[in-house]
Amino acid sequence: QNSSSQQITYNLIIIQVSKTKLAIKSKAANRVLDICQDKDAFGTLIIYEDYAQENQRFDILESGDYVLSEVASQKST
């Protein structure tokens, strides 16, 4: 294993917000997983207040170790 890689673990809840979309919520922070849209940090996963935007809604593509995909763009994260 690469000694420079770092694994961060969060206590998260998966919430179905519509027929096809999921939000991933932090139990501790009461916020959701968000793909940052700011110029300097674009694409970075953050925990942010829930504004029900597409960059905060996900599809689960595989079981086990989850592969997250932003609903709007379908880019794997």
Side-chain angles (χ1 to χ4, degrees):
Q1 187 177 14
N2 185 342
S3 61
S4 66
S5 66
Q6 179 179 346
Q7 181 176 353
I8 300 172
T9 304
Y10 293 97
N11 194 2
L12 303 171
I13 309 167
I14 296 175
I15 301 167
Q16 188 162 0
V17 294
S18 74
K19 204 171 198 178
T20 59
K21 297 179 184 178
L22 303 171
I24 302 172
K25 184 177 179 179
S26 165
K27 284 185 175 182
N30 199 28
R31 294 176 176 217
V32 298
L33 191 65
D34 181 302
I35 299 175
C36 188
Q37 303 298 300
D38 295 342
K39 180 181 174 185
D40 294 336
F42 188 82
T44 303
L45 289 175
I46 59 174
I47 301 293
Y48 202 77
E49 192 171 329
D50 189 356
Y51 289 106
Q53 298 299 311
E54 291 296 312
N55 60 305
Q56 297 178 325
R57 301 300 183 246
F58 301 90
D59 294 319
I60 294 179
L61 303 177
E62 298 176 13
S63 61
D65 291 336
Y66 291 111
V67 175
L68 301 178
S69 174
E70 183 180 354
V71 173
S73 67
Q74 293 300 307
K75 292 180 183 175
S76 291
T77 306

Chi angles and distances behind the side-chain contact (heavy atoms from CB on, under 4.5 Å) call for Phe58, Ile35: CA-CA 10 Å; Phe58 301 90; Ile35 299 175; 3.8 Å; yes

Test of understanding: clusters of I, L, V, M, F, W, Y form through side-chain heavy atoms closer than 4.5 Å, transitively. Do Tyr51 and Ile46 belong to the same one? yes

Heavy-atom pair of closest approach, residues Ala23 and Arg57: CB-NH1, 3.4 Å

Between Phe42 and Gln37, what is the shortest heavy-atom contact and its length? CE1-OE1, 3.4 Å

Determine whether Val32 and Leu22 fall in the same hydrophobic cluster, where Ile, Leu, Val, Met, Phe, Trp and Tyr are linked whenever their side-chain heavy atoms lie under 4.5 Å apart. no

Do Leu33 and Ile14 belong to the same hydrophobic cluster, where Ile, Leu, Val, Met, Phe, Trp and Tyr are linked whenever their side-chain heavy atoms lie under 4.5 Å apart, directly or via other members? yes

side-chain hydrogen bond (donor to acceptor under 3.5 Å, both in side chains), paired with Lys21, selected from Gln56, Glu54, Gln16: Glu54

Verify the cluster assignment for Ile24 and Leu45: are they in a single hydrophobic cluster under the rule of side-chain heavy atoms below 4.5 Å apart? yes

For Ala41 against Cys36, the heavy-atom pair lying closest together: O-CB, 3.4 Å

